[in-house]
Chemist: 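First the structure, which I've put down as C-alpha cells, then a few questions once you've had a look.
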Amino acid sequence: MHTPQAGKAVPRGYLPAALAVIINDSFRYQRELYGENDAVPEFQVELDGIAVNGVDMIHWNAEGRITEFKVMLRPLKAVTLIHEKMAAMLQAARR
C-alpha cells in the first residue's frame with residue numbers, strides 16, 4: 001500500500017497476508033531501536049532467491065495502543081515480489 005489506511009479493517013486483512021508471505025526459516029531480526037513511544041525493528045529474509053531488508057516503524061500512544069505502523073522494504077525487486085504475493089493471497093481470500 002502506498003497510502004495511509006485508517007481504522008482496523010484494512011490492517012486486519014493485510015497483516016496476516018504480510019506475515020504469511022515474509023515469515024520463513026530465513027527470517028531474522030537484525031536490530032531493534034526503541035524510543036518512549038516508538039520501536040523500529042529491522043529484519044532480513046530471503047524470498048524466491050531475493051534478499052529482502054526491511055523495517056517496521058511502530059508508534060503507540062500513552063495507553064499503549066498502536067497508532068501508526070509503517071513497513072519499509074528494499075530493494076525494489078523485493079517490494080515488487082512481496083506486492084505480487086500479497087495481492088494473490090488477498091484475492092484468494094476474497095473468493
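Count residues from 1 along the sequence. Please read these numbers as outputs of a predicted model, since none were measured by experiment.
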Chemist: Distance alone, cut at 3.5 Å: any donor-acceptor contact between the side chains of Asn37 and His59?
Modeler: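 Result is no, nothing qualifies.
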Chemist: With a 3.5 Å distance limit and no angle check, can you tell me whether Ser26 reaches the backbone of Val45 through a side-chain donor-acceptor pair?
Modeler: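 No; judged by distance alone, with no hydrogens or angles, the pair does not exist.
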Chemist: Using a cut-off of 6.0 Å, state whether more than 12 heavy atoms not belonging to Asn24 lie near its atom CG.
Modeler: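 Yes, the 6.0 Å shell around CG holds more than 12 heavy atoms from other groups.
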Chemist: Compare all side-chain heavy atoms of Glu68 with those of Met57 and state whether any distance is below 4.5 angstrom.
Modeler: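 With C-beta onward as the side chain, the pair stays apart.
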Chemist: Nearest 0.5 Å please: distance from the CD1 atom of Ile82 over to the CG atom of Asp48.
Modeler: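 Rounded to the nearest 0.5 Å, the CD1-CG separation comes out at 10.0 Å.
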Chemist: Should Tyr29 and Val71 be regarded as members of a common hydrophobic cluster, given that ILVMFWY residues are connected when their side-chain heavy atoms come within less than 4.5 Å of each other, either directly or indirectly?
Modeler: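 Shared cluster, yes.
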Chemist: What is the distance from atom OG1 of Thr67 to atom CG of Asn61, rounded to the nearest 0.5 Å?
Modeler: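 So the gap between those two atoms works out to 5.5 Å.
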Chemist: For the side chain of Arg28 and the backbone of Asp25, is there at least one donor-acceptor N/O pair under 3.5 Å apart?
Modeler: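 Answer holds: yes.
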Chemist: Is there a path of hydrophobic side-chain contacts, each under 4.5 Å between heavy atoms, that joins Tyr34 and Phe69?
Modeler: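 In one cluster with Tyr34: Phe69, no.
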Chemist: What's the spacing between Lys85 NZ and Thr80 OG1 if we round to 0.5 Å?
Modeler: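 It comes to 13.0 Å.
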Chemist: If two hydrophobic side chains count as joined below 4.5 Å and joins carry through other members, does Val52 share a cluster with Met86?
Modeler: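 Yes: a chain of side-chain contacts under 4.5 Å links Val52 to Met86.
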Chemist: Would Glu42 and Gln30 count as having a side-chain donor-acceptor pair, cut-off 3.5 Å?
Modeler: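 There is no such pair (donor and acceptor under 3.5 Å, judged by atom type) between the side chains of Glu42 and Gln30.
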Chemist: Could you report the tightest heavy-atom contact between Ala51 and Pro75, atom names first, then the distance?
Modeler: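 Closest approach of Ala51 to Pro75, heavy atoms only: O-CD, 3.4 Å.
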Chemist: Under 4.5 Å between side-chain heavy atoms, counting indirect links through other Ile/Leu/Val/Met/Phe/Trp/Tyr residues: same cluster for Leu33 and Ile66 or not?
Modeler: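 Cluster IDs for Leu33 and Ile66 differ.
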Chemist: Taking all heavy atoms of Ala17 and all of Met89, pick out the closest pair and write down the distance.
Modeler: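 What the structure gives for the nearest pair is CA-SD, 3.6 Å.
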Chemist: Take the angle between the ring planes of Phe27 and Phe43 and call it parallel below 30°, perpendicular above 60°, tilted in between.
Modeler: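 The arrangement is parallel - the two ring planes meet at less than 30°.
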Chemist: Quick one: which of Lys70, Arg74, Met72 gives a side chain to side chain contact (heavy atoms under 4.5 Å, CB included) with Val55?
Modeler: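 That would be Met72.
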Chemist: Answer with yes or no whether the hydrophobic clustering places Val40 together with Trp60; edges join I, L, V, M, F, W, Y residues whose side-chain heavy atoms lie under 4.5 Å apart.
Modeler: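 Different hydrophobic clusters.
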Chemist: Heavy-atom distance under 4.5 Å between the side chains of Leu73 and Asn53, does that happen here?
Modeler: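 SC-SC contact between Leu73 and Asn53 ruled out.
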